[in-house]
Amino acid sequence: MSEEKSLNFLEEIIEADLAAGKYKSIVTRFPPEPNGYLHMGHATSICLNFGLTKKYPGYTNLRFDDTNPVTEETEYVDSIKEDIKWLGFDWKNELYASDYFEELYQYAITLINKGLAYVDDSTAEEIATLKGTPTEPGKDSSYRNRSIAENLDLFTRMKNGEFADGSRTLRAKIDMAHTNMLMRDPLIYRIKHAHHHRTGDTWCIYPMYDFAHGQSDSLEQITHSICTLEFVPHRELYDWLIEKLEIFPSHQYEFARRNLSYTVMSKRKLLQLVNEKHVQGWDDPRMPTISGMRRRGFTAESIRNFCDKIGIAKRENLTDFSLLEFCLREDLNHTAHRAMAVLDPIKLVITNYEAGTTEELTSENGPLETMGTRLLPFSKELWIEREDFMEVPAKKWFRLAPGAMVRLKSAYIIKCEGFTKDENGQITEIQASYIPGTKSGGDESGIQVKGTIHWVSAAHAVRAEIRLYDRLFKVEDPSSEEGDFKDYINPDSLQVIKEAYLEPALQHAPMGSRYQFIRKGYFCPDKDSSPEKPVFNRTVTLKDAWIKEVKKN
RNA sequence: UGGGUUAUGGUGUAAAGGUAGCACAACAGAUUUUGAUUCUGUUUGUCUAGGUUCGAAUCCUAGUAACCCAACCA
């Protein structure tokens, strides 16, 4: 490794800050709102924030941005913590914006005392109207010039619960004609008589994002507060509040959120998919949520690797899903044990093999010596993949066909002698003879065959349900298409095979284990699985050069 | 005649005035008891127009395009 990996723009900033002695160590934070499940976009942010403090001296806090009691729940807090841990990261402190409600309240009083905040009795509509538009300046509210004493009194009474939801707000007094809409007297407190998941009914006024996030950063002495690009205009307000409050100067830096092709990545859209039952839940294996991907069989390692590979920058992007698949296969290829499973079975009878006999054959568990071997039962009747036989072989076909020879993986070379069709012309059985001297490991026959296929002994096979997943959407960027993004849902994103045949050992595959079903892809047991009724999810297919060959013709 | 952000192959990302590189994808070939893996090779790019310079993705000028901002959401 002679090449040093170049720094992204945040690393450059941090190295400069460290070199200049601005900080001796850094503090970052991951600030989810507990109102939904984490998805791949969050994974980028997690890898970034936690990764930075692994690379540089310092630590990362987990802080829940729980300032809106109406949408937030403890269920989400738990899932978020689980997902971060699963991804392989540890936070220094588990914190909540609601921990700071008292400090935040005092900050608001400070602002009022400085003449920099006022209580506004306008309705939401009036506030919106007076706000102006991006191209027209706003107008001052008639409540803008209340006295400090009156503001103090009113704000205290807001806190004491004397007013109804929506009847009054506390606003920062900045400039209604500012070119930045966010500086036009932003709301900083609103009344919500709602039960908060942590503070219960203690408060009926809650700070807005802009009056909670930066102040929480400051209280925690966050040095580098990293968020996505849509918060760029908020930075001016972030800095203004810190300056006026004269508190620790945290700094905000923004990067472009990551988009992945063939999926959507907004909480709002994901919530719709769940609520409208287009998927079976937040952890549906087709979802780009961390929990969904975990259930699908993705490894934390592959996700971290992916985040590292795509890097961070400030430009709009749509990352190819195939890069994620590449990272997944790369990891699974050297960690997943191999196994044999027949998904679309057809009976293969070895005509010259003695009925009632079973041989135990040795097969390697994977390409690495350290993965070891296992025994597989072999007998006269086997299941093989229907697609591995062609009655009339295509060009360059080197699997089974009348008269053709193939190797049964880890077993014998066989020669196809015939096949049986039913009245509908459907092939129901294939007959073949095995060549006795060709057993794997001890083949001295000198016979060369081009194709190797997988199989399962019919008498020993374990029946299982297998769920095949494909991309959730038919188009690369469903959000940018005409009409509703849901119009582009892939109707074939889930295909269930009710009865596939697996090699016996798979009956007791533990949760969290991952396999490569030889020639078919990577699979893992689903949470619905049990030894009585095994269920496997297909995580990702193997690359398939034959499909390409077929498509060419 | 609002403000802000961003433009490098199909995709993502490097190059801090000096050979446009890396990865994915695609394509071609070699190896293979997984048509997998592995290995080798190939194609494709600096938003546009001017300018400065021996030399520009990089500096200057003028354009163009995309995205964000008018929630008592974060």
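In what follows, every chain begins at residue 1, and chains take the letters A, B, ... in the order their sequences are listed.
Place A:Tyr209 and A:Gly442 on RNA chain B by their nearest nucleotides, and A:Gly442 ends up nearer the 5' end. Positionally, the nearest nucleotide of RNA chain B for A:Pro134 lies more toward the 5' end than for the other of A:Phe231 and A:Pro134.
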What N/O pairs connect the protein and nucleotides 17-22 of chain B at under 3.5 Å? Give each pair on its own line.
none

Short N/O separations, protein against nucleotides 36-42 of chain B, under 3.5 angstrom:
residue : atom : partner  : partner atom : Å
B:U37   : O2'  : A:Asn333 : ND2          : 2.9

Heteroatom pairs (N/O) under 3.5 angstrom, protein to nucleotides 13-15 of chain B:
residue : atom : partner  : partner atom : Å
B:U13   : OP2  : A:Arg315 : NH1          : 2.8
B:A14   : O2'  : A:Ser6   : OG           : 3.3

Could you go through nucleotides 43-45 of chain B and list every protein N or O atom that sits under 3.5 Å from one of its N or O atoms, giving the distance for each pair?
none

Listing time: all N or O pairs from protein to nucleotides 30-32 of chain B that are below 3.5 Å?
none

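Across all strands, A:Lys267 comes closer than 4.0 Å to no nucleic acid atom at all (heavy-atom distances). Using a 4.0 Å heavy-atom distance criterion, A:Ser322 is classed as a sugar-phosphate-only contact. At a threshold of 4.0 angstrom between heavy atoms, the contacts of A:His234 include nucleobase atoms, whether or not backbone atoms are also involved. Counting non-hydrogen atoms under 4.0 angstrom, A:Tyr206 reaches nothing in the nucleic acid. Within 4.0 Å of A:Gly521, counting heavy atoms only, lies no atom of the nucleic acid at all. At a threshold of 4.0 angstrom between heavy atoms, the contacts of A:Ser122 include nucleobase atoms, whether or not backbone atoms are also involved.
Between A:Tyr107 and A:Phe211, the ring-plane angle classifies as perpendicular under the 30° and 60° cut-offs. In this structure, A:His42 and A:Phe30 have perpendicular ring planes: the angle between them is above 60°, well past the 30° mark.
Between A:Arg63 and A:Asp99 there is no salt bridge, since none of the side-chain N atoms of the basic residue sits less than 4.0 Å from a carboxylate O of the acidic one. The pair A:Glu220-A:Arg29 does not count as a salt bridge, with every side-chain nitrogen at least 4.0 angstrom from each carboxylate oxygen. At a threshold of 4.0 Å, the pair A:Glu230-A:Arg257 counts as salt-bridged, since one of the basic side-chain nitrogens sits closer than that to a carboxylate oxygen. Residues A:Glu387 and A:Lys520 are paired through a salt bridge, judged by an N-O separation under 4.0 Å between the basic side chain and the carboxylate. Ion pairing between a basic and an acidic side chain is recognised when a charged N comes within 4.0 Å of a carboxylate O; A:Lys55 and A:Glu11 show such pairing.
Look at the C1' atom in both B:C27 and B:U48: the space between them is 32 Å, to the nearest Å. Look at the C1' atom in both B:C22 and B:G29: the space between them is 23 Å, to the nearest Å. A distance of about 15 Å separates the P atoms of B:C69 and B:A74, rounded to the whole Å. Atom name C1', nucleotides B:U6 and B:A57: the rounded distance is 15 Å, in whole Å. Separating the C1' atom of B:G4 from that of B:A70 is a span of 14 Å, rounded to the nearest Å. Distance check on atom P: B:U46 versus B:G12 gives 16 Å, rounded to whole Å.
Checked against B:G35, B:A74, B:U33, the side chain of A:Arg399 finds its nearest nucleotide in B:G35. For A:Thr319, the listed nucleotide lying nearest its side chain is B:G12; candidates were B:G12, B:A28, B:G2.
Atom CZ of A:Arg268 is separated from atom P of B:C73 by 16 Å (rounded to the nearest Å). Between the NZ atom of A:Lys548 and the P atom of B:G35 there is a distance of 14 Å, rounded to whole Å. What separates CG of A:Leu318 from C1' of B:G12 is a distance of 10 Å, to the nearest Å. Atoms CG (A:Leu260) and P (B:U11) sit 15 Å apart, rounded to a whole Å. Atom P of nucleotide B:A66 and atom CG of A:Asp477 are separated by 15 Å, given to the nearest angstrom. Between the CD atom of A:Glu236 and the P atom of B:G4 there is a distance of 9 Å, rounded to whole Å. Nucleotide B:A25 holds its P atom 15 Å from the CD atom of A:Glu476, rounded to whole Å. Computed from coordinates, the A:Lys552 NZ to B:A26 P distance equals 12 Å when rounded to whole Å.
Counting non-hydrogen atoms of other residues, nucleotides and ligands closer than 6.0 Å to CD of A:Glu360 gives a total above 12. For A:Arg374, the CZ atom counts as densely surrounded, since its 6.0 Å shell holds more than 12 non-hydrogen atoms of other residues, nucleotides or ligands.
Contacts of A:His195 classified as side-chain contact (heavy atoms from CB on, under 4.5 Å), with partners at least two apart in sequence or in another chain: A:Asp201. For A:Asp165, the side-chain contact (heavy atoms from CB on, under 4.5 Å) test picks out A:Ile191, A:His193, with sequence neighbours left out. In this structure A:Ser445 satisfies the side-chain contact (heavy atoms from CB on, under 4.5 Å) test together with A:Thr438, A:Asp443, A:Ile447, sequence neighbours excluded. Legend: residues meeting side-chain contact (heavy atoms from CB on, under 4.5 Å) with A:Glu236, ordered by chain and number and at least two apart, are A:His178, A:Asn180, A:Met183.
For A:Tyr262 and A:Phe321, the ring centers are positioned 6.0 Å apart or more. Aromatic pair A:Tyr206/A:Phe101: ring centres closer than 6.0 Å. Taking the six-membered ring wherever Trp is involved, the centroid distance between the rings of A:Phe536 and A:Phe523 does not fall below 6.0 Å. Aromatic pair A:Tyr209/A:His213: ring centres closer than 6.0 Å. The ring of A:Tyr253 has its center no closer than 6.0 angstrom to the ring center of A:Phe9. Two rings, from A:Tyr118 and A:Phe155, have their centers 6.0 Å or more apart.
Contact record, A:Ile222 with A:Ser250: O-OG, 2.7 Å, taken as the closest heavy-atom pair.
Listed pair A:Thr67 / B:A74 meets the phosphate criterion, a side-chain N or O lying under 4.0 Å from OP1 or OP2. The side chain of A:Lys395 places no N or O atom within less than 4.0 Å of a non-bridging phosphate oxygen (OP1 or OP2) of B:G35.
For the salt bridge (Lys or Arg N to Asp or Glu O under 4.0 Å) condition, the pairs that include at least one residue of residues 183-197 of chain A, sequence neighbours left out, are A:Arg144-A:Asp185.
Annotation: cation-pi geometry satisfied between A:Lys269 and A:Phe485 (NZ/CZ under 6.0 angstrom from ring centroid, within 45° of ring axis).
Counting only N and O atoms by type, the side chains of A:His337 and A:Gln516 include no donor and acceptor under 3.5 Å apart. A donor-acceptor contact closer than 3.5 angstrom is absent between the side chains of A:Thr169 and A:Asp120.
Only A:Thr179, A:Met181, A:Leu187, A:Arg190, A:Lys192, listed by number, bring a heavy atom of residues 179-193 of chain A to less than 4.0 angstrom from any atom of RNA chain B.
Remark: RNA chain B takes part in the stems B:2-7 with B:64-69, B:10-13 with B:21-24, B:26-30 with B:38-42, B:47-51 with B:59-63, each of 3 or more antiparallel Watson-Crick or G-U pairs, criterion distances under 3.5 Å.
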